[in-house]
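Inspection log for the structure reproduced underneath, given as structure tokens.
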There are 2 protein chains.
Amino acid sequence: MNIIISNTSEKPIYEQITTQIKAIIMKGELNAGDALPSIRFLAKELRISVITTKRAYEELERDGFIETVPGKGSFVASGNQELLREEQLRITEGHLIQAIESARSCSLSLAQLQEMLAVLYEE
Amino acid sequence: MNIIISNTSEKPIYEQITTQIKAIIMKGELNAGDALPSIRFLAKELRISVITTKRAYEELERDGFIETVPGKGSFVASGNQELLREEQLRITEGHLIQAIESARSCSLSLAQLQEMLAVLYEE
DNA sequence: CAACTGTATATATATGATATACACACTATA
DNA sequence: TATAGTGTGTATATCATATATATACAGTTG
């Protein structure tokens, strides 16, 4: 688990954690049944409060991506890679839509947008 | 001035206002020296507090897009269309970068991203 | 003065993050 | 086998910040 917290990010810490854990599960680095780091361990490592890591895990559990047992720990739930991928596709679409709306404000054509996308993708 | 407030939006009201006013200036619907609606008028029209419209105008003034005179009103500053366009380009870039990061998480190729972009652009 | 303009103060609500004290589960060892 | 120790997650009370507000104040103009 190599989670990185950015304090300059506009996104809340707990959301940065859930996003990165979802990505790790999606990549197959963690499989169904695998243990996640304990909320205390993760909190110490990231130098944040236990309550913040707990909140991240709560959201992951609420959405069915992990299961957590008091006194034991938290574990990856089964059969969610497809769900995660679909969610990620929707998120990607959302960003593209925002880019398109923003592009329309300054009269960028589809071709110009495509060009920007290609350039940025290489970096 | 045809400003629309969405209560379901995650963006704060004052930001929705600044964004839309910037778009209006960029499109040339308002030119340097033109008067903006008074914060009171706009507040009544949008059924929100004067303080919220004031905050929006404060930000626009801080960034040099409008000038406001107590007792008189607020007016479009001069020579900002280029600045606004550059800002908008940066914002568009930001959204594209987010889309790319999100796409990488679920292993989408550049071609697949381009395809999504094209489809979404037509809608 | 009247009717318009923007301004300042004090306040309510929601969200993100925290410290600290609590309760449950395993396990080593007396 | 009992139990202390160290691991796990949980609950309460609290703080800081951001968004939005009502209401009272002050300047400008005809």
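Letters A, B, ... mirror the listed sequences (proteins, then strands); counts begin at 1. Heavy atoms only: backbone and side chains are in, while hydrogens, waters and symmetry mates are out. Predicted model, so just to flag it, every value in this text is computed and none were measured.
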Check: What are the two closest heavy atoms between B:Thr18 and B:Glu59, and how far apart are they?
Finding: CG2-CB, 4.2 Å

[X] [atom1] to [N] [atom2], straight-line distance once rounded to whole Å:
| X | N | atom1 | atom2 | value |
| --- | --- | --- | --- | --- |
| B:Ile66 | C:dG6 | CD1 | C1' | 11 Å |
| A:Leu46 | C:dA17 | CG | P | 12 Å |
| A:Asn7 | C:dA17 | CG | C1' | 12 Å |
| A:Gln16 | C:dG16 | CD | P | 12 Å |
| B:Glu67 | C:dT5 | CD | C1' | 17 Å |
| B:Lys11 | D:dT19 | NZ | P | 10 Å |
| B:Glu10 | D:dT19 | CD | C1' | 14 Å |
| A:Glu59 | C:dT15 | CD | P | 12 Å |

Note to self: Is the phosphate of C:dA17 approached by A:Tyr14 (side-chain N or O, under 4.0 Å from OP1 or OP2)?
What the structure shows: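 For C:dA17, neither OP1 nor OP2 has a side-chain N or O of A:Tyr14 closer than 4.0 Å.
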
Check: Between C:dG16 and A:Arg55, is there an OP1 or OP2 to side-chain N/O distance shorter than 4.0 Å?
Finding: yes

Next item on the list: Give me the one residue out of B:Arg55, B:Glu58, B:Lys54 that meets side-chain hydrogen bond (donor to acceptor under 3.5 Å, both in side chains) with B:Tyr14.
Entry: B:Arg55

Next item on the list: Could you tell me whether A:Arg104 sits above the aromatic face of B:Tyr121, with NZ or CZ closer than 6.0 angstrom to the six-membered ring centre and within 45 degrees of the axis?
Entry: yes

Next item on the list: Do nucleotides 7-14 of chain D as a string where each nucleotide becomes B, S or -: B if the base has a protein heavy atom under 4.0 Å, S if just the sugar-phosphate does, - if no protein is that close.
Entry: BBBBBB--

Item checked: Flag for B:Gln16-B:Ser6: side-chain donor and acceptor within less than 3.5 Å -> no

Notebook entry, point to check: How many angstroms lie between atom CD of A:Gln88 and atom CE of A:Met26, to the nearest 0.5 angstrom?
Noted result: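 One gets 4.0 Å once the value is rounded to the nearest 0.5 Å.
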
Item checked: Under 3.5 Å: donor-acceptor pair, side chain of B:Glu15, backbone of B:Pro12 -> no

